[in-house]
Amino acid sequence: MKRTAFIILVLLSINMCWGQNLSEPEHLFKVFYHDKNGIKTEIPENEHAGTKLTGLLVHKVKIVLYGENSNTMLPDIDNVYIEILDTTGQLKPQYFRVIKLNTKKGRREATLWSNSPLGVKDNSSNFIPTMVKPVGDNTYSLSIKDLPTGHYLILYQENLDTLMEPYDFDK
C-alpha cells in the first residue's frame, strides 16, 4: 500500500513538472570580441564544462572542459570584452580570471583551488595576470594580445567562490 502511494506521488510530480516551461537561467555576464572587420562576436558559454574533485588527503577542485580544443579560435585578437549583465552590483570586474588550461586525455582542465590539512589555497599558477580596464558602462576589456598559443578560459572567481559560466577560447 505504501509503495503504491509512493508511486502515485512520483507520477503526479512528474506530470506536474512535465508541462512547466523551464527557461534557461539568465547569464550574469557575456564575453565577446571584435574581429578584424570590427564585428562584435560573442564567445558562447561552454555548456560541456564541469567540476571534478580529486585526491584523498589533498583535495583539488578542477574545472574540466570536454574536447581537446575550443570552438572559439582567437589567434589574431588583442582584446576580449566582458559585459556585466547583473544589475544587482554583485559582480566586480577585478574578479574575472583568464586561466590557462592543460590538455589531458581528450579534455582541457585547470585546478581552481586545493584543500589540505594545512589549509586552502587557490591555484594562481594557472591564472594569467590580466588587467581589467573599463571601456563603457558595465563593459570591460581584457588584453589577450601577449598570450602564447594555447587553451584558455574566462570565468568569475571571487575568493574561492566560482561562478560556473565558463567561456573558453584557443589562441
Side-chain angles (χ1 to χ4, degrees), residues 24-54 59-115 120-171:
E24 291 285 319
E26 288 192 31
H27 294 284
L28 298 175
F29 65 94
K30 63 182 175 180
V31 180
F32 62 93
Y33 63 95
H34 295 284
D35 68 12
K36 289 182 180 183
N37 299 321
I39 297 173
K40 178 179 173 178
T41 305
E42 276 192 47
I43 297 175
E45 177 185 354
N46 188 317
E47 296 178 0
H48 302 289
T51 56
K52 180 170 83 171
L53 181 65
T54 64
H59 301 289
K60 292 182 179 181
V61 174
K62 296 183 176 195
I63 186 161
V64 179
L65 290 88
Y66 297 97
E68 291 184 5
N69 297 302
S70 172
N71 290 331
T72 304
M73 302 294 290
L74 304 178
D76 300 323
I77 302 297
D78 293 342
N79 296 295
V80 293
Y81 300 89
I82 297 169
E83 182 179 355
I84 297 177
L85 306 173
D86 171 43
T87 57
T88 65
Q90 292 180 358
L91 294 184
K92 297 173 181 50
Q94 67 267 28
Y95 294 114
F96 285 97
R97 308 278 187 242
V98 176
I99 299 173
K100 175 88 166 116
L101 297 169
N102 302 312
T103 304
K104 186 176 182 180
K105 297 181 184 176
R107 63 183 185 268
R108 294 159 289 138
E109 62 182 39
T111 300
L112 298 176
W113 57 270
S114 60
N115 182 17
V120 178
K121 73 172 200 158
D122 67 6
N123 192 7
S124 54
S125 63
N126 287 340
F127 299 172
I128 306 297
T130 308
M131 191 65 131
V132 179
K133 298 178 185 172
V135 294
D137 290 341
N138 296 326
T139 304
Y140 301 87
S141 170
L142 293 168
S143 175
I144 61 168
K145 181 179 184 177
D146 297 329
L147 293 179
T149 301
H151 310 290
Y152 297 93
L153 173 73
I154 295 174
L155 56 72
Y156 185 86
Q157 184 178 27
E158 185 173 356
N159 302 317
L160 297 179
D161 296 328
T162 304
L163 180 61
M164 285 304 295
E165 285 187 34
Y167 296 85
D168 66 315
F169 64 92
D170 290 347
K171 184 97 169 112

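All values reported here derive from a predicted model rather than from experimental measurement.
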So with a 6.0 Å cut-off around [atom1] of [X], is the heavy-atom count from everything else above 12?
X   : atom1 : value
K92 : NZ    : yes
K60 : NZ    : no
D86 : CG    : yes

Please confirm whether the backbone N or O of I39 pairs with a side-chain atom of N37, one donor and one acceptor, at under 3.5 Å? no
Short side-chain to backbone donor-acceptor contact, Y81 and K30, under 3.5 Å: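 No.
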Determine whether I99 and I63 make a side-chain contact, defined as any pair of heavy atoms from C-beta on separated by less than 4.5 Å.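 Side-chain contact under 4.5 Å: no.
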I84 and F96, any side-chain heavy atoms less than 4.5 Å apart: yes
Separation of [Y] [atom2] from [X] [atom1] (nearest 0.5 Å):
X    : Y    : atom1 : atom2 : answer
N138 : E83  : CG    : CD    : 7.5 Å
R107 : K62  : CZ    : NZ    : 7.5 Å
Y66  : K105 : OH    : NZ    : 13.0 Å
D35  : T41  : CG    : OG1   : 5.0 Å
Y152 : I144 : OH    : CD1   : 9.0 Å
E45  : I154 : CD    : CD1   : 12.5 Å

Show the nearest heavy-atom pair for residues [X] and [Y], with the distance to one decimal.
X    : Y    : value
K100 : T149 : NZ-O, 4.1 Å
S141 : N79  : OG-OD1, 3.5 Å
P134 : Y140 : CA-CD2, 3.5 Å
T130 : S143 : CG2-O, 3.7 Å

Apply the test side chain to side chain contact (heavy atoms under 4.5 Å, CB included) to residues I82 and V132: give CA-CA distance (whole Å), side-chain angles for both, the deciding distance (0.1 Å), then the verdict. CA-CA 9 Å; I82 297 169; V132 179; 5.8 Å; no
Pairs under 3.5 angstrom only: tabulate donor-acceptor contacts from the side chains of residues 163-171 to other protein residues two or more places apart or in another chain.
from: E165; atom 1: OE1; to: H27; atom 2: ND1; distance (Å): 3.4
from: E165; atom 1: OE1; to: Y167; atom 2: OH; distance (Å): 3.4
from: E165; atom 1: OE2; to: L28; atom 2: N; distance (Å): 3.1
from: Y167; atom 1: OH; to: F29; atom 2: O; distance (Å): 3.1
from: D168; atom 1: OD1; to: N46; atom 2: ND2; distance (Å): 3.3
from: D168; atom 1: OD2; to: N46; atom 2: ND2; distance (Å): 3.3
from: D168; atom 1: OD2; to: S70; atom 2: OG; distance (Å): 3.2
from: D168; atom 1: OD2; to: R108; atom 2: NH1; distance (Å): 2.7
from: D168; atom 1: OD2; to: R108; atom 2: NH2; distance (Å): 3.4
from: D170; atom 1: OD1; to: H151; atom 2: ND1; distance (Å): 2.7
from: D170; atom 1: OD2; to: S70; atom 2: N; distance (Å): 3.0
from: D170; atom 1: OD2; to: H151; atom 2: ND1; distance (Å): 3.4
from: K171; atom 1: NZ; to: L74; atom 2: O; distance (Å): 3.4
from: K171; atom 1: NZ; to: P75; atom 2: O; distance (Å): 3.3
from: K171; atom 1: NZ; to: I77; atom 2: O; distance (Å): 3.1

